[in-house]
Each structure stands twice: as structure tokens, then as C-alpha cells.
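Here the structure is a predicted model, which is why all the values come from computation and not from measurement.
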Amino acid sequence: MSRHLASGTERLMANVWPILQTAVAASLAYFLAAVVLGNEQPFFAPVAAVVTLGLAPGERGKRAVEVALGVVVGLAIADVLVRIIGVGAAQIGIVVGLAMAAAVLLGERKLLVNQAAISAILVVALQPPDAAFSPDRFFNALVGGGVALLVSHLFPVNPERLVERAAEPIFRSLVAVLEEIAEALEERDLEQAEAVLGRARELDDRVRSFDEVLSAGYETARLSPTRRRSLKHLELYAGASIRIELAVINTRVLARGAANAIRRRAAVPPSVPEAVLDLSRAVRALAGYLEASEEAEEAREAEEARRFALLAARGATEALAERHDLAISVLVGQVCSMAVDLLRSAGMNQAEALAALEEVAPRESDDP
């Protein structure tokens, strides 16, 4: 229970700003629609503001138009049909179905279709059957979307924190997977090796989500005057992004190679699982390097990441002195390949990474 409460508190603290941002936008949108524009039923304004801010930051500008268009479609269909068939449970189903069908004809975006359906429901549920058509609801939606965009650009979420929160579970899972691969190799536990292979495959979805958040963070920092200083830090993540993706791929291949080696009863030298542990230490240091807020800390963590990556390559290559069969060669090759990706993520270019690898593992330096 205490763990669940702590987790909930952590989630709340991480989302305090987006919650406040949405509450302020909804309140301001309602005020403008009700007081400034004088609309008697301005509920579409706060609804549009909440829907727009509920989107990922990188999608808000592009999708705010879809929210407004969805409102138009839903309102038009609902206003016409309510006068013909009245209101009721069955009528809501008919109106929603036709509004969604009309929206699909205009575009297949889920947001547009859903917004048309929501708008139609609100009209049927809240509007008297004999009420005259009013364009106020459409303008309310525009006000809500506009306020949401204004608030998100003037008082945006911290894009650095946004990206860090998306990257953190990738690094945490990557470290855990590498540690489990090392343990499975050391214990020659096939069941554990196959289980960790399944967990390694799950990392792909997190990498895709991270790329989307990174793109959204860039847009937030670029468009918001108060967050442009974040661009420099986000460049570190952008530079490491493709290498992180490759590291995840290599980890998955490494997990498969470990399972195959155990299945074939290959005699895996002790230096191989230790090399995999060094990779996990390099990943942990890389996370610290990307999260560092000061140059001294950044340089220290980058050096640690490079040191452990090279230790991993050296230890893996030493295993070839004991055994040089296919199973061991596959494991060594993946460790060295991942070491290069980590070196590049920690600030080295391709030539520097390969040169550093050549010094510690000359027999494998041509493979990565």
C-alpha cells in the first residue's frame, strides 16, 4: 500500500504543472467565451482547451484545427437532426453515428472523429429541441483551442524534464536487461535467458515513444520564448537518440545470443558476463551524462560511460583467447558493437570510437 501511495505521489508531482496548465486554460477559455464574447452556453471553450492540452506538446498546433473542425461537423449534424428526430437515447446513437461518419469522410484522424461525436452528444444532451442554430459553439471551440495554444507556448511544461522522464525508463530497463543477461550467462539459466529476451523486445515501444517525446520537446523549446535555453541540452538527447535505439537492438540480439549459447551448452568464459555487466554500468553512466545539469558533472559521467564501454569491449574480446566458437563470437561481437554505440552516445564520433576500441580490442575493432 505504501509503495502504491509513493508511486502515486511521484506521478502527481511529475504532472503538477500540466494539471495547473490545463486548469488555467479551461478557466480562461470559459471566461473569454462567457464574459468577453457573451455566450450563454460557453462549455465548448473549456472542453476544447482541455482536449488540446491533453495532446502531446508536439501535436497541439497541428491538432487544434482538428478539434475545431470536429466541433463544426458534430454541431452541424446534431443541429439538423435534433430538429428532425428530437432527443433521446436512440437519437443520440443515430446522431453520433452520422457525425462520426461525416467526420471520417473529411479525414481519418481519430481526434477529428471523436471530437465530432463528443460535440454531437453535447448538443443532443444539452440543447432544447426547439433551440435555434447558433455559431457561438464553433467560436467557443476556437477560443478554447487558441487559449490552450497560448498557455502551452507562454507557460510550457519543461521540455528537458519531459524528455528526461521519457528516457529514464529506457535506461532503467536497459540496465536491468543487461544485468539479467549477465546473470543468465553466469548461472547458465536458459529459462531466465528466454524471459529476458522477451523483456528486451518490449524496449522497442519505449524507444518509439521517446522519439515522439523528444520531437515534442524540441518543438516546445523552439516555439516558447521561456524554454529556448533548453535546446542545447536537448541536442545531447538528439545526438544520443539513434545510438540508444541501436543499443536497444544490440541488447535484444545479445539476449538472443545468450539464450542460444546456453541452449547449446556452450562454455561461456567468465569474462563475457562481466563484460555485459560493464555495459550495464556504461548505460547507467550514460543516463547520468544526459541528465547532468552542470558541465563538470556532464564530463565526469561521459568519461565513466566511455570507461565502462571500453572495459566491456576488452573483457569480451579476452574471452576469444579461451574459446573462439560461433556462440562466443556472436556474444563478443554484440558487446563490442554496443560498446561503440555507447561511446558515440557519450560524445565520441565514429572515428574516435573505433580508434578507442582498436586500442583495447584490436581483434574485434573491425566488426562493429
query = Would a hydrophobic clustering, with Ile, Leu, Val, Met, Phe, Trp and Tyr connected at side-chain separations under 4.5 Å, put Val196 with Leu277?
reply = no
ask   = How about Leu185 and Leu331: do any of their side-chain heavy atoms sit closer than 4.5 Å?
value = yes
query = Does Arg284 pair with Glu179 as a salt bridge, N-O distance under 4.0 Å?
reply = yes
query = Are Leu254 and Leu178 close enough that some pair of their side-chain heavy atoms sits under 4.5 Å apart?
reply = yes
message = Taking the side chain as everything from C-beta on, heavy atoms only, tell me whether Phe171 gets closer than 4.5 Å to Ile244.
response = yes
query = So, are Arg263 and Glu194 salt-bridged, with charged N and O less than 4.0 Å apart?
reply = yes
inquiry  = Do Val163 and Val207 sit in one hydrophobic cluster, given that two such residues count as connected whenever their side-chain heavy atoms are within less than 4.5 Å of each other, even indirectly?
reply    = yes
query = Do Asp278 and Arg281 meet the salt-bridge criterion of a basic N to acidic O distance under 4.0 Å?
reply = yes
query = Is Val283 close to Met338 at the side-chain level, that is, under 4.5 Å between some pair of heavy atoms?
reply = yes
ask   = Do NZ/NE/NH1/NH2 and the carboxylate oxygens of Glu318 and Arg314 come within less than 4.0 Å?
value = no
request  = Specify the closest pair of heavy atoms between Leu190 and Ala259, including all atoms of both residues, with the distance to one decimal.
outcome  = CD1-O, 3.6 Å
query = Asn250 versus Asp341: any side-chain heavy-atom pair under 4.5 Å?
reply = yes
key: Stepwise side-chain contact (heavy atoms from CB on, under 4.5 Å) check, Leu174 with Leu203   = CA-CA 8 Å; Leu174 198 53; Leu203 287 170; 3.8 Å; yes
request  = Count the heavy atoms belonging to other residues, nucleotides or ligands that lie under 6.0 Å from CZ of Arg188, then report whether that count exceeds 12.
outcome  = no
query = Does a side-chain heavy-atom distance below 4.5 Å link Glu298 with Leu290?
reply = no
ask   = Once you round to the nearest 0.5 Å, how far does OG of Ser173 lie from CD of Glu180?
value = 10.0 Å
query = Closest heavy-atom contact between Ala312 and Val335?
reply = O-CG1, 3.5 Å
task = Considering non-hydrogen atoms only, spot the tightest contact between Arg256 and Leu197 and give its length.
result = N-CD1, 3.8 Å
request  = Could you grab the distance from atom CZ of Phe308 to atom CG of Leu279, nearest 0.5 Å is fine?
outcome  = 11.0 Å
message = Is any side-chain heavy atom of Phe31 closer than 4.5 Å to one of Val36?
response = yes
ask   = Quick one: OH on Tyr30 to CG on Asn140, what's the gap to the nearest 0.5 Å?
value = 10.0 Å
message = Let me check something: do Val330 and Val332 share a hydrophobic cluster, defined by ILVMFWY side-chain heavy atoms less than 4.5 Å apart, either directly or through other members?
response = no
key: Main-chain N/O of Gly333 paired with Ser337 side-chain donor or acceptor, under 3.5 Å   = no
request  = Indicate if Val175 and Leu311 have the same hydrophobic cluster label, given that clusters are the connected sets of ILVMFWY residues with side-chain heavy-atom separations under 4.5 angstrom.
outcome  = no
message = Quick check against the 3.5 Å criterion: does Ser271 have a side-chain atom that pairs as donor or acceptor with the backbone of Gly315?
response = yes
key: Single-linkage hydrophobic cluster, 4.5 Å side-chain cutoff, Leu37 and Leu28 together   = yes
key: Least distance between heavy atoms, Ala339 atom then Leu357 atom   = CB-CD1, 4.5 Å
message = Under 4.0 Å between a side-chain nitrogen and a carboxylate oxygen: does that hold for Glu202 and Arg199?
response = no
request  = Go through Leu286 and Leu342 one step at a time and tell me if the side-chain contact (heavy atoms from CB on, under 4.5 Å) criterion holds.
outcome  = CA-CA 8 Å; Leu286 177 63; Leu342 294 173; 3.9 Å; yes
ask   = So do the side chains of Thr251 and Ile181 get within less than 4.5 Å of each other, counting heavy atoms only?
value = yes
task = Answer yes or no: is there an ion pair linking Glu303 with Arg306, defined by an N-O contact shorter than 4.0 Å?
result = yes
ask   = Between Ala148 and Ala25, what is the shortest heavy-atom contact and its length?
value = CA-CB, 4.4 Å
inquiry  = Once rounded to the nearest 0.5 Å, what's the spacing between atom CD1 of Ile262 and atom CD of Gln192?
reply    = 8.0 Å
Closest non-hydrogen atom pair, Pro42 against Ala33 = CB-CB, 3.5 Å
